[in-house]
Amino acid sequence: MDAIEVHRLHKRYGDTVAADGVDLSVPAGSVVGLLGPNGAGKTTTVECVAGLRVPDSGTVRVLGLDPRRDRRAVRAVLGVQLQEAALHDMLTAAELVRLHRSLHRTGRDPAELLDAVGLSAQAGTRFDRLSGGQAQRLSVALALVGAPRVVVLDELTTGLDPASRETVLDLVRDLAGDGVAVLLVSHRMDEVERLCDRVLLLDAGRVVADASPAGLVAAAGLGEYVRFRTDSGFDRAALLALPGVAEVSRVGHEVTVTGGGGLLGPVGAELVRQGVVATGLRAERPGLDEAFLALTGHRGREDRPATAPEVAA
């Protein structure tokens, strides 16, 4: 049994299908990324996992528990950090962490947790006086204070400065190392490549890919690029005639040769043959950003319907 198991999840808001047969699993001790363009159904999926939305059909289990029927038991094992936290403005960071800790039978030491997210200096600062990045780190601390065995993190590094971001990312890897199952929703592809063991790509409410980050790039079938800069002209037809070359494009002084099969050597030799002075000659393989665009078309939709229904009690 995986820590999170979602099978054939369906959720509709009026005429909008937010989740259309989503299957998702997150084993203990792993970080699984949930990616997709705006409107793909990411938020709906994680809200169903957290018990904040009721699926129209399908099953959702957290450590074998139903998030709606077994709400109290799920709250004891699940930590959730959503994009927007509604917290008491007049309480300090330390008071909020202590308050949330009191809701759990066991958990982490509030002072140690504030230190872990880099907020020790702001322990006595009221929530309404925290910066956006500080409030984000506090929401991560609140999600972890009950020492959950399963964690859902939704855009956890939004608004963080580079140092704070490194602190939080290291914390996520430590969680997985301790056997915690982590479901990570993010638009930061570098973050996903660094943290995730597996990536689930949603588009229009459906799963379009489920693989490791490297496997997702391979599934996009994008080949490789060779890039260089030159101030002079060159024989484009001769480059196109090289084995494996599919396209040669130029923007200003930057030239990109697209194809596959180890292009760097042949392209470099051809440029020498032509007497072209090329600088910065390098081979590049596509990353998750390019794979994301290729597999989804990057359709721009909002992740929530224009008017979402109230959450069922």
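Because the structure is predicted, anything quoted here is derived from the model rather than measured. The basis for the numbers below is simple: all heavy atoms, side chains too, and nothing from hydrogens, waters or symmetry mates.
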Is it true that [X] and [Y] have a side-chain N and a carboxylate O under 4.0 angstrom from each other?
{"X": "R188", "Y": "D190", "value": "yes"}
{"X": "R194", "Y": "D170", "value": "yes"}
{"X": "R282", "Y": "E254", "value": "yes"}

About how many Å separate [atom2] of [Y] and [atom1] of [X], when rounded to the nearest 0.5 Å?
{"X": "L9", "Y": "S57", "atom1": "CG", "atom2": "OG", "result": "7.5 Å"}
{"X": "E191", "Y": "L153", "atom1": "CD", "atom2": "CG", "result": "9.5 Å"}
{"X": "L169", "Y": "D174", "atom1": "CG", "atom2": "CG", "result": "11.0 Å"}
{"X": "T158", "Y": "H187", "atom1": "OG1", "atom2": "NE2", "result": "9.5 Å"}
{"X": "Q122", "Y": "T92", "atom1": "CD", "atom2": "OG1", "result": "11.5 Å"}
{"X": "R98", "Y": "L91", "atom1": "CZ", "atom2": "CG", "result": "9.5 Å"}

[X], [atom1] atom: more than 12 neighbouring heavy atoms under 6.0 Å:
{"X": "R149", "atom1": "CZ", "answer": "no"}
{"X": "R61", "atom1": "CZ", "answer": "yes"}
{"X": "R250", "atom1": "CZ", "answer": "yes"}
{"X": "R126", "atom1": "CZ", "answer": "yes"}
{"X": "R236", "atom1": "CZ", "answer": "yes"}

So which heavy atom on [X] is nearest to which on [Y], and how close?
{"X": "V54", "Y": "K11", "answer": "O-NZ, 2.8 Å"}
{"X": "G262", "Y": "E224", "answer": "N-OE2, 2.9 Å"}
{"X": "A28", "Y": "A3", "answer": "N-CB, 4.2 Å"}
{"X": "V192", "Y": "S186", "answer": "CG2-CB, 4.1 Å"}
{"X": "L87", "Y": "L138", "answer": "CD1-CD2, 4.4 Å"}
{"X": "P286", "Y": "Y225", "answer": "CB-CE1, 4.0 Å"}

- Message: Walk me through whether L263 and L242 qualify under side chain to side chain contact (heavy atoms under 4.5 Å, CB included).
- Response: CA-CA 9 Å; L263 297 180; L242 293 173; over 6 Å; no
Does any part of the side chain of [Y], heavy atoms only, come nearer than 4.5 Å to the side chain of [X], both counted from C-beta?
{"X": "V257", "Y": "F228", "value": "yes"}
{"X": "R8", "Y": "T59", "value": "no"}
{"X": "V182", "Y": "V26", "value": "no"}
{"X": "L144", "Y": "L171", "value": "yes"}
{"X": "V22", "Y": "L202", "value": "yes"}
{"X": "P27", "Y": "D2", "value": "yes"}
{"X": "T296", "Y": "L35", "value": "no"}
{"X": "R198", "Y": "S25", "value": "yes"}

- Message: Go through it in stages, so that I can follow the logic: the residues are D23 and D210, the test is side chain to side chain contact (heavy atoms under 4.5 Å, CB included), and I'd like the CA-CA distance, side-chain angles, deciding distance and then a yes or no.
- Response: CA-CA 10 Å; D23 289 321; D210 184 354; over 6 Å; no
Is there a path of hydrophobic side-chain contacts, each under 4.5 Å between heavy atoms, that joins [X] and [Y]?
{"X": "L103", "Y": "V152", "value": "no"}
{"X": "L281", "Y": "V277", "value": "no"}
{"X": "L114", "Y": "L99", "value": "yes"}
{"X": "I4", "Y": "L63", "value": "yes"}
{"X": "L52", "Y": "V150", "value": "yes"}

Is there a donor-acceptor pair closer than 3.5 Å between any side-chain N or O of [X] and the backbone N or O of [Y]?
{"X": "E290", "Y": "G287", "value": "yes"}
{"X": "D203", "Y": "A40", "value": "no"}
{"X": "R101", "Y": "H104", "value": "yes"}
{"X": "D109", "Y": "E112", "value": "yes"}
{"X": "D66", "Y": "R68", "value": "yes"}
{"X": "T45", "Y": "G41", "value": "yes"}
{"X": "Q81", "Y": "L142", "value": "no"}
{"X": "D197", "Y": "V31", "value": "yes"}
{"X": "T157", "Y": "L160", "value": "no"}
{"X": "R137", "Y": "V117", "value": "yes"}

- Item | Verdict with supporting geometry, T258 and S249, side chain to side chain contact (heavy atoms under 4.5 Å, CB included) | CA-CA 8 Å; T258 306; S249 60; 5.5 Å; no
- Item | Partners meeting side chain to side chain donor-acceptor pair (under 3.5 Å) with S232 (sequence neighbours left out) | T230
- Task: For L200 and L34, run side chain to side chain contact (heavy atoms under 4.5 Å, CB included): C-alpha distance rounded to whole Å, both residues' side-chain angles, the deciding distance at 0.1 Å, then the answer.
- Result: CA-CA 5 Å; L200 198 76; L34 189 60; 3.7 Å; yes
